[in-house]
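Here is the naming used below: chain letters follow the sequence lines, and residue numbers restart at 1 for every chain.
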Amino acid sequence: MTAPRVRFAPAPTGFLHVGSARSALFNWLHARHTGGTMVLRIEDTDASKKTEEFVDAILEPLEWLGIDWDEGPFFQSDRAEMHKAAVEQLVEDGSAYYCDLTRDQIDAKSEEAGLPAGYHGWSRDRAVTDGPGVVVRFRAPDDGVTVFDDVIRGKVEVSHDNVEDFVIRRGDGSPTFLIANAVDDHEMSISHVIRGEDLLNTVPKVLMLWEALGYGEPPVYAHLPLLVNEQRKKLSKRRDDVALGDFAKKGYLPEAMVNALALLGWGPADGVEVRPIEQIIELFTLETVNKSAAFFDMKKLDHINAEYIKALDPARFAELVEPHMTGDDAPWPVDAYRSEVVEALAPEIQQRIVKLSEAPAWVSWIFTPSIDSYDEKSWNKAMVKGKASPRVLDEVINALESESFDDAEVLEAAVMGVGNRLSEELATRVMSQAPVRVALTGHGAGIPLWQAMTLLGKGACLDRLRAARARLD
RNA sequence: GCCCCAUUCGUCCAGCGGCCUAGGACGCCGGCCUUUCACGCCGGUAACACGGGUUCGAAUCCCGUAUGGGGUACCA
């Protein structure tokens, strides 16, 4: 058996969304698993839709995800001559014919004849000749059934009475998706057509063309279960917030995205969900893809993304998070940002965030010149309810004045020592970390203090402690 | 309407006739750890749509019903 050839063939109708990305991924996984070839083909048969930016809107996210292709991108619009030649061939041998009926006329005829809505071969024997506005229809067989084996769905049967004479060339002379599909898949020697279930119904038509064109053995089909929204409807660009580009902006890692996408409609037999792409490639087979529609759960994506973020090495994390730290999100002067600080604190930040965009919040206090406002709840809890806080701050300031601030453990011992001493003296539990934290960061929760204090520096730490102490009087 | 497809915990996935008193993951709840917040660890919650067959035995096979989805264009 020769190596498979698959294709991802999106229509350039806007940004790439989660559903298309999943189709691309499954094609890619199959190609990589089998050592096959991935072809990228832009289905811009409807010329009015083609624009450069829409093409970029597809290529860029694919590259971001790490889904590469071996051939292409090809454009169906560039291959129109081939499609037209195929149409002509079919007209010549009688497999297709011209039709000049408008939609309204077709509907009227059906109603008149008491037939269900649809096209009932009205122009088959009218000997219409070609001209402006005249379409070409394929003469679909009246009897019999088309049967094909879908790798994922199994045997699918469609009776020919349910296939009307469909249009293969529009009134303006342009080929439709159906004929372009048959011609291109044949010309490109595509062996496996892997795509969304929404295209399942077009298979019999393409197969009819395939046979009429004398193409021989058709490709193997594999129709993926649809990705749906919470209403269980097919993901739509208009309705659903699913642009791949947005995920990048929010701080999802492409590796996490791909991992999450691979888990929709498929799962490894051993149940290990978060794993490197190399393993997914090795384990993935079309035969193990399931049949039912899947909802793309952001909570699960978040979890997977968090796992990938935790696994990042500090330098890489600092690098990836930088755009979020220096962009519009950053609540501090741009030049105050120091990448080394983030790298040093990376492990602490990494275990606390789900998306890269959440990172700035954890270190903003370090890059802010001073604490201008304190979180009210935190202040009340640590400073007001903690009655010993004035003494804690006084003693911490005192203890810290003689420290050099280059050893986190020393700072910890100094601050904690104050709390322990006071606890004994006042015979009650005195927390020293909380008031210090609020004084330094303005909040009661955050990353561990000690190492961060060495990075903030002695001057800034003492200034903030004194400012908070003064506020208590 | 007609055609096609699907139906296991709230969600995603496993299960392809006996190993299932249905397993894993996310979420949620509880606990442990912890002088912050997290992480981590432990435990709990929760599903085979329904009805008929077939079979010694069915979540797994067949039929029907219900429900959901997709398609039904000179979109792809």
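Considering only side-chain atoms of A:Asn201, the nucleotide from B:rC12, B:rC4, B:rC37 that sits closest is B:rC4. Among the nucleotides B:rA38, B:rG27, B:rC12, the one closest to the side chain of A:Gln351 is B:rA38. Checking B:rC5, B:rC3, B:rU35 against the side-chain heavy atoms of A:Leu200 singles out B:rC5 as nearest. The side chain of A:Phe295 has B:rU11 as its nearest neighbour among B:rC37, B:rC74, B:rU11. Taking the side chain of A:Arg153 as heavy atoms from C-beta on, and the options B:rA25, B:rU11, B:rA6, the nearest nucleotide is B:rA6. Residue A:Leu226 places its side chain closer to B:rG70 than to any other of B:rC12, B:rC4, B:rG70. Closest to the side chain of A:Asp198, out of B:rU35, B:rG71, B:rA73, is B:rG71. You'll find that the side chain of A:Ala11 is closest to B:rA76, out of B:rA76, B:rU35, B:rU36. Comparing B:rU11, B:rC12, B:rC37 against the side chain of A:Asp297 picks out B:rU11 as the nearest. Comparing B:rC12, B:rU35, B:rC5 against the side chain of A:Leu263 picks out B:rC12 as the nearest.
Counting non-hydrogen atoms under 4.0 angstrom, A:Glu157 reaches the backbone sugars and phosphates but no base. Across all strands shown, A:Lys205 has no heavy atoms under 4.0 Å from either base or sugar-phosphate atoms. Counting non-hydrogen atoms under 4.0 angstrom, A:Gly133 reaches a base of the nucleic acid. When heavy atoms are screened at a 4.0 angstrom cut-off, A:Ser423 is found touching no nucleic acid atom at all. Heavy atoms of A:Arg137 sit under 4.0 angstrom from primed sugar atoms or phosphate atoms, though from no base atom. At the heavy-atom level, A:Ala434 lies nowhere under 4.0 Å from the strands shown. When heavy atoms are screened at a 4.0 angstrom cut-off, A:Ser432 is found touching base atoms of the nucleic acid. Using a 4.0 Å heavy-atom distance criterion, A:Arg352 is classed as a base contact. The residue A:Val135 sits close to a base: some heavy atom pair falls under 4.0 Å. Contact annotation for A:Thr441: no contact, since no heavy-atom pair falls under 4.0 Å across all strands. A:Pro448 comes within 4.0 angstrom of a nucleotide base, judged by non-hydrogen atoms across all strands.
Comparing B:rC50 with B:rC32, their P atoms are spaced 40 Å from each other, to the whole Å. The C1' atoms of B:rC62 and B:rG24 are separated by 31 Å, rounded to the nearest whole Å. Here, B:rG10 and B:rC42 have their P atoms 25 Å apart, quoted to the whole Å. Taking atom C1' in both B:rU7 and B:rG64, one finds a spacing of 15 Å when rounded to whole Å. B:rU35 sits 46 Å from B:rU21 when the P atoms are compared, rounded to a whole Å. Straight-line distance between the C1' atoms of B:rA47 and B:rC12: roughly 13 Å, to the nearest whole Å. Comparing the P positions of B:rG23 and B:rC63 gives a spacing of 30 Å, expressed to the nearest Å. Straight-line distance between the C1' atoms of B:rU8 and B:rG70: roughly 22 Å, to the nearest whole Å.
Between the P atom of B:rC4 and the CZ atom of A:Phe148 lies a distance of 11 Å, rounded to the nearest Å. Counting to the nearest Å, the C1' atom of B:rC74 and the OH atom of A:Tyr119 are 12 Å from each other. Atom CD of A:Glu197 is separated from atom C1' of B:rG70 by 6 Å (rounded to the nearest Å). Distance, A:Leu227 CG to B:rU11 C1': 13 Å, rounded to whole Å. Residue A:Leu235 contributes atom CG, which lies 11 Å from atom P of B:rG70 at whole-angstrom precision. Across the protein-nucleic acid pair, A:Lys291 atom NZ and B:rG68 atom C1' stand 17 Å apart, rounded to whole Å. A straight line from CZ of A:Arg275 to C1' of B:rC13 spans 13 Å, rounded to a whole angstrom. Atoms NE2 (A:His303) and P (B:rC13) sit 17 Å apart, rounded to a whole Å.
Checked by distance alone, A:Asn162 brings no side-chain donor or acceptor within 3.5 Å of a matching partner on the base of B:rU72.
Taking the six-membered ring where tryptophan is involved, the planes of A:Trp379 and A:Tyr374 are tilted, since the angle between them lies from 30° to 60°. Aromatic ring orientation, A:Phe247 versus A:Phe296: perpendicular (interplanar angle above 60°, classes split at 30° and 60°).
Nucleotide B:rC19: unpaired (no Watson-Crick or G-U wobble partner with both distances less than 3.5 Å). Checking B:rA73 for Watson-Crick or G-U wobble geometry (two distances, each under 3.5 Å) identifies no partner in any strand. Searching all strands for a Watson-Crick or G-U wobble partner of B:rG68 with both distances below 3.5 Å returns B:rC5. Of the nucleotides present, B:rG31 is the one that pairs with B:rC41 by Watson-Crick or G-U wobble criteria, both distances under 3.5 Å.
Checking the phosphate oxygens (OP1, OP2) of B:rC74, a side-chain nitrogen or oxygen of A:Arg103 falls inside 4.0 Å. The side chain of A:Asn290 contributes an N or O atom lying less than 4.0 Å from OP1 or OP2 of B:rA14. Neither OP1 nor OP2 of B:rC13 sits under 4.0 Å from any side-chain N or O of A:Lys300.
The one candidate from A:Asp185, A:Val183, A:Ile190 that meets the side chain to side chain contact (heavy atoms under 4.5 Å, CB included) condition with A:Glu187 is A:Val183.
Between A:Asp302 and A:Lys250 there is no salt bridge, since no side-chain N of the basic residue sits under 4.0 Å from a carboxylate O of the acidic one. Taking a cutoff of 4.0 Å between a charged side-chain nitrogen and a carboxylate oxygen, A:Asp165 and A:Lys205 do not qualify as a salt bridge. Taking the charged nitrogens against the carboxylate oxygens, A:Asp130 and A:Arg169 do have a contact shorter than 4.0 Å, which makes a salt bridge.
Where A:Glu307 and A:Leu199 each meet RNA chain B at their nearest nucleotide, the meeting point lying more 5' is that of A:Glu307. Toward the 5' end of RNA chain B, the nearer of the two residues A:Trp266 and A:Gly446, judged by each one's closest nucleotide, is A:Trp266.
Cation-pi geometry between A:Arg137 and A:Tyr97 is not satisfied (NZ or CZ under 6.0 Å from the ring centre, within 45° of the ring normal). Cation-pi contact between A:Arg22 and A:Trp266: absent, since separation from the ring centre below 6.0 Å together with deviation from the ring axis within 45° is not met.
Shown here for A:Val6 and A:His30, the closest heavy-atom pair between the two residues is CG1-ND1, 3.7 Å.
Donor-acceptor pairing under 3.5 Å is recorded for the side chains of A:His83 and A:Asp184.
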